[in-house]
There are 2 protein chains.
Amino acid sequence: MAGRPREFDRDQALRQAMLAFWRRGYEGTSMSDLVAALGIASARIYAAFGSKEELFREAVALYAAGDGGFADLALSQEDDVVAAIQRMLADAVALYTRDDLPHGCMVVSAATNCSEQNDGVLEWLRAQRQARTQSVTERLRRGVADGQLGPDADVDALGDFYAAQLHGVSVQARDGVPRERLLASLAVAMTPLRIAAGKA
Amino acid sequence: MAGRPREFDRDQALRQAMLAFWRRGYEGTSMSDLVAALGIASARIYAAFGSKEELFREAVALYAAGDGGFADLALSQEDDVVAAIQRMLADAVALYTRDDLPHGCMVVSAATNCSEQNDGVLEWLRAQRQARTQSVTERLRRGVADGQLGPDADVDALGDFYAAQLHGVSVQARDGVPRERLLASLAVAMTPLRIAAGKA
DNA sequence: TCAATTGTTTGTCGATCGACAAATAATAGA
DNA sequence: TCTATTATTTGTCGATCGACAAACAATTGA
């Protein structure tokens, strides 16, 4: 273990790559874009990250481990299922409309339309969205087990519904719908769950 | 007005282009992809449509004038506002999950992530999504005027909510969520409006 | 001091991108 | 038939894509 020390901050470069991919997507961000964003030559990027695709996957992992991980946090940290879903949606709106970050969800918008040769990353992000849907559904199921939701609550339908709401809010935020409006529509989205919880 | 007659069916070629763009998006569909899909040389495509971008815009217009125009139809043809929104969502699910067509909404998924030079088409599709949101909101407002919704119904919040639901269902359909599940989540999505209509 | 190892610089690679020029072919009207 | 007009064929253009090779620089451990 020797060798010349790296002259740039790999974590900082990765974060810049994340922001670039978040803003313009995987194929929408070219290597020359990355060179400009990271401030280093392309050969250094390849030496540090392997390839554009590997860099992208690391960037998405960084997103998921940071701000993008709000959903699992909300679902696991709130004891009440209604509060959990409410917080998940509110955190989504807060993140997707932050002024200092690209709008919308990186997992939703970074690889929706891409060429055939990059179907791999497309499928990978798809799997992450599906996993999030399942997390929501399982949290709802726990809500039934905890007696917070009626035993006849259709947790699968509710899970798909709130997953769709998350994805839809991402699109809306990317389109520039302001935070206050998204929060207002969030209140609408909560009514089915409140009914299932007998709190309406 | 004379000249050699065109040897291919322009409408049919345009439809093939629409399907290609629908499936892979604007930048995800290369000129060579279009050459393969339309079955004609690239120079013929340029002669008939001007450029790739003009072809795309015509393709989206064809989509909006056809299957993609379901929303305005549902909103204008149904006298009851609840029935109108219900039908709009049901038609969306039906279209977005058709076996013989690309899944999801073309306007939502054809240009979410693209390079800087094509921000024009991105903005154009964004405007169409915003217009659809407004159509939904105005239909809800008419529902209040007609007395079908309570005078205190928050039509702006409901409009944003159902627009987000449309966008979210598009993402879900594209991810392979089956039709029956989307229809079940649609039933969940209808409860806020039914409450506003006093039918729950 | 000197290998071994790793990072950086510089330049460029083949493939593909969207787009079009020039030549040829087929029609309508004069 | 001849001219004007439009379509098709063929080939290729410059730009950009992602990716890397080779030479050089800086560090560690022997």
Side-chain angles (χ1 to χ4, degrees), chain A residues 1-14 16-18 20-21 23-60 110-111 113-122 124, chain B residues 1-14 16-18 20-21 23-60 110-111 113-122 124:
Chain A
M1 52 279 277
R4 177 174 176 171
R6 183 177 287 121
E7 294 181 3
F8 67 95
D9 186 329
R10 192 183 189 276
D11 293 335
Q12 191 175 339
L14 179 58
Q16 290 304 317
M18 178 195 74
F21 283 131
R23 205 172 314 132
R24 306 224 67 103
Y26 177 61
E27 288 191 344
T29 306
S30 69
M31 279 306 300
S32 68
D33 290 335
L34 291 170
V35 167
L38 310 200
I40 57 177
S42 69
R44 302 172 75 180
I45 299 177
Y46 281 91
F49 299 100
S51 69
K52 186 190 175 189
E53 180 171 338
E54 291 180 71
L55 173 57
F56 176 75
R57 290 177 185 261
E58 271 200 58
V60 173
N113 48 273
C114 74
S115 64
E116 202 173 353
Q117 70 177 14
N118 291 317
D119 274 344
V121 295
L122 193 145
W124 185 59
Chain B
M1 52 280 277
R4 177 174 176 171
R6 183 175 286 120
E7 295 180 2
F8 67 94
D9 187 330
R10 193 183 189 277
D11 294 334
Q12 191 175 339
L14 179 58
Q16 291 304 318
M18 178 194 73
F21 282 131
R23 205 172 314 133
R24 304 224 67 103
Y26 178 61
E27 288 191 344
T29 307
S30 68
M31 279 305 299
S32 67
D33 290 335
L34 292 170
V35 167
L38 311 200
I40 57 178
S42 69
R44 303 172 74 179
I45 298 178
Y46 280 93
F49 298 100
S51 67
K52 185 190 174 187
E53 179 171 340
E54 292 180 71
L55 173 57
F56 176 74
R57 290 178 186 261
E58 272 201 59
V60 173
N113 49 273
C114 73
S115 65
E116 201 172 354
Q117 69 176 17
N118 290 316
D119 274 343
V121 296
L122 194 145
W124 186 58

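Convention: sequence-line order gives letters A, B, ...; per-chain numbering from 1. This is a predicted model, so every value here is computed, not measured. For the numbers below, each heavy atom of this structure counts, side chains included, while hydrogens, waters and symmetry mates do not.
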Measure [atom1]/[X] against [atom2]/[N] and give the value in whole Å, please.
{"X": "B/E7", "N": "D/dT9", "atom1": "CD", "atom2": "P", "result": "6 Å"}
{"X": "A/R4", "N": "D/dA23", "atom1": "CZ", "atom2": "P", "result": "17 Å"}
{"X": "B/R6", "N": "D/dT8", "atom1": "CZ", "atom2": "C1'", "result": "11 Å"}
{"X": "A/L38", "N": "C/dG7", "atom1": "CG", "atom2": "P", "result": "16 Å"}
{"X": "B/I40", "N": "D/dT10", "atom1": "CD1", "atom2": "P", "result": "14 Å"}

Original post:
Got a second to check how far A/S115's OG is from A/N118's CG, nearest 0.5 Å?
Top reply: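 Atom-to-atom, A/S115:OG and A/N118:CG are 4.5 Å apart.
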Subject >> Close side-chain approach of B/W124 to B/V60, heavy-atom, < 4.5 Å >> reply: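 Answer yes - side chains close enough.
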Subject >> Test item: A/L14 and A/L55 side chains (from C-beta on) under 4.5 Å apart, heavy atoms >> reply: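 When only atoms from C-beta onward are counted, A/L55 and A/L14 do touch, with a gap below 4.5 Å.
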Subject >> Over 12 non-hydrogen atoms of neighbours within 6.0 angstrom of CD in B/E53 >> reply: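 Yes, because the 6.0 Å sphere around CD of B/E53 holds more than 12 heavy atoms from other groups.
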Original post:
Under 4.0 angstrom, heavy atoms only, what part of the nucleic acid is A/R44 near: base, sugar-phosphate, or nothing?
Top reply: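 Base contact - A/R44 has a heavy atom under 4.0 Å of at least one base atom.
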Original post:
From D/dT28, C/dT8, D/dA26, pick the nucleotide closest to the side chain of A/A2?
Top reply: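 Of D/dT28, C/dT8, D/dA26, D/dT28 is nearest to the side chain of A/A2.
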Original post:
Within 45 degrees of the axis of the six-membered ring of A/F21 and under 6.0 Å from its centre: does A/K52 put its NZ or CZ there?
Top reply: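 Not flagged: A/K52 not positioned over aromatic ring of A/F21.
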**OP:** Using a 4.0 Å cut-off on protein heavy atoms (strictly under), produce a 5'-to-3' string for nucleotides 15-22 of chain D with B for base contact, S for backbone-only sugar-phosphate contact, and - for none.
**Re:** --SSBBB-
**OP:** Dump the intermediate steps for side chain to side chain contact (heavy atoms under 4.5 Å, CB included) on A/D119 and B/R24, then the final yes or no.
**Re:** CA-CA 10 Å; A/D119 274 344; B/R24 304 224 67 103; 2.5 Å; yes
